[in-house]
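Comments concern the structure below.
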Amino acid sequence: MNLDLPREALEAASQRNFELKGYAFEAAQGAAAMPPDRARGAGSEQNPAPHFCPCGRTEVSALHKRIGEIAEVAAMCGVNIICFQEAWNMPFAFCTREKLPWTEFAESAEDGLTTRFCQKLAKKHNMVVISPILERDRDHGGVLWNTAVVISNSGLVMGKTRKNHIPRVGDFNESTYYMEGNLGHPVFQTQFGRIAVNICYGRHHPLNWLMYSINGAEIIFNPSATIGELSESLWPIEARNAAIANHCFTCALNRVGQERFPNEFTSGDGKKAHHDLGYFYGSSYVAAPDGSRTPGLSRNQDGLLVTELNLNLCQQINDFWTFKMTGRLEMYARELTEAVKPNYSPNIVKEDLVLPPSSG
Ligand SMILES: NC(=O)NCCC(=O)O
């Protein structure tokens, strides 16, 4: 269902040259509905390329300014949780495998420039902000992580979560920069609902979604950076399926446009060296536990997707389909414990071990 958005917000979005769309997911009135039972969530997608210049603070501040403009419109729409795309404050430079200058975009999750900027946004607009960045962890030798910082609407940093699955596919060479996240599957209890962040490539892993759901997530954000040739056929299915399988809302966000890097790089596949990773196809959307979803945002233009989420739907669909009750987690836990052992022998029944029927 379309959500009526204020005229001033629509005008501001059009003046600022980004798409603004709104949808609502309704649910039957829950007899025992407990607040918070409604969240107004938003996800943004943007093309950072027009703001690029040689690596330095100007680039970051231009991206801050752009996100500031988008967040302001989100506030006009009454949004109370907003998530930005993966590594939103930098070029998606991991394809190059070069360390400098790209690693200089890394910041402290707790008090880096971008976190401080998002804290101001959160407080000013009374909005929970999810800010996915390249993190430098100074308390542990200055190592890098792919991290989402979660900032409360009070402006305080609630915590952070890290990308659990690191791609090794095509030009997505992120394992050159950081390791698999070591913070598990935290869920953040905000004033507007329980939220979690499954960063990009984690969306291909059903168990990753499952663990956030087991920890109680009602909305799982999936900030991403992915390109058409690689994943556009998977995109409409994965987050939607995760919403169904886990009785929760999912919000899949992708950047838009093409980013050109000064030095050529190869994909290690014998093909010609190139300067860009491909086309980031946007198409951000939100899916609900009943399997419905919003249309996608644009493939080409910056955008803001505002959705009214009736969180009662999570419990209602859970009671109806009962995937949590029928999930047989203890059986899988037992079998997986065996399957990961080095001496595991797969449970395959072979024909030559089956006794022939007796002839007499
Ligand atoms: N950013 C990222 O993890 N991209 C990997 C490609 C994909 O998962 O579609």
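Note that ligands are numbered from 1 as they come in the structure, with each ligand's atoms numbered from 1 the same way. Just the heavy atoms: all of them, side chains too, but no hydrogens, waters or symmetry mates, feed the values below.
The list of salt bridge (Lys or Arg N to Asp or Glu O under 4.0 Å) pairs with a residue in residues 137-156, not counting sequence neighbours, reads D137-R162. Applying the salt bridge (Lys or Arg N to Asp or Glu O under 4.0 Å) test to every pair with at least one member in residues 89-98, sequence neighbours left out, gives no pairs at all. Here ring pair (Phe, Tyr, Trp, His ring centres under 6.0 Å) pairs that include residues 109-154, with residues two or more places apart or in two chains, are H64-F117.
A side-chain hydrogen bond (donor to acceptor under 3.5 Å, both in side chains) with N198 holds for exactly one of N164, N208, N222, T161; it is N208. Just one of R255, M90, R66 meets the side chain to side chain contact (heavy atoms under 4.5 Å, CB included) condition when paired with P48; it is R255.
Within the model, atoms CD1 of I227 and CH2 of W235 stand 13.0 Å from one another, a figure rounded to the nearest 0.5 Å.
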Provide, line by line, the atom pairs where ligand 1 and the protein bring an N/O atom each to a distance under 3.5 Å; else say none.
unit_1   : atom_1 : unit_2 : atom_2 : d
ligand 1 : 1 (N)  : E86    : OE1    : 2.8
ligand 1 : 1 (N)  : K163   : NZ     : 3.4
ligand 1 : 1 (N)  : E174   : OE2    : 3.2
ligand 1 : 1 (N)  : A225   : O      : 3.1
ligand 1 : 3 (O)  : K163   : NZ     : 2.8
ligand 1 : 3 (O)  : E174   : OE2    : 3.4
ligand 1 : 3 (O)  : Y201   : N      : 3.4
ligand 1 : 4 (N)  : A225   : O      : 3.2
ligand 1 : 8 (O)  : H204   : NE2    : 2.6
ligand 1 : 9 (O)  : R203   : NH2    : 2.9
ligand 1 : 9 (O)  : T226   : OG1    : 2.5

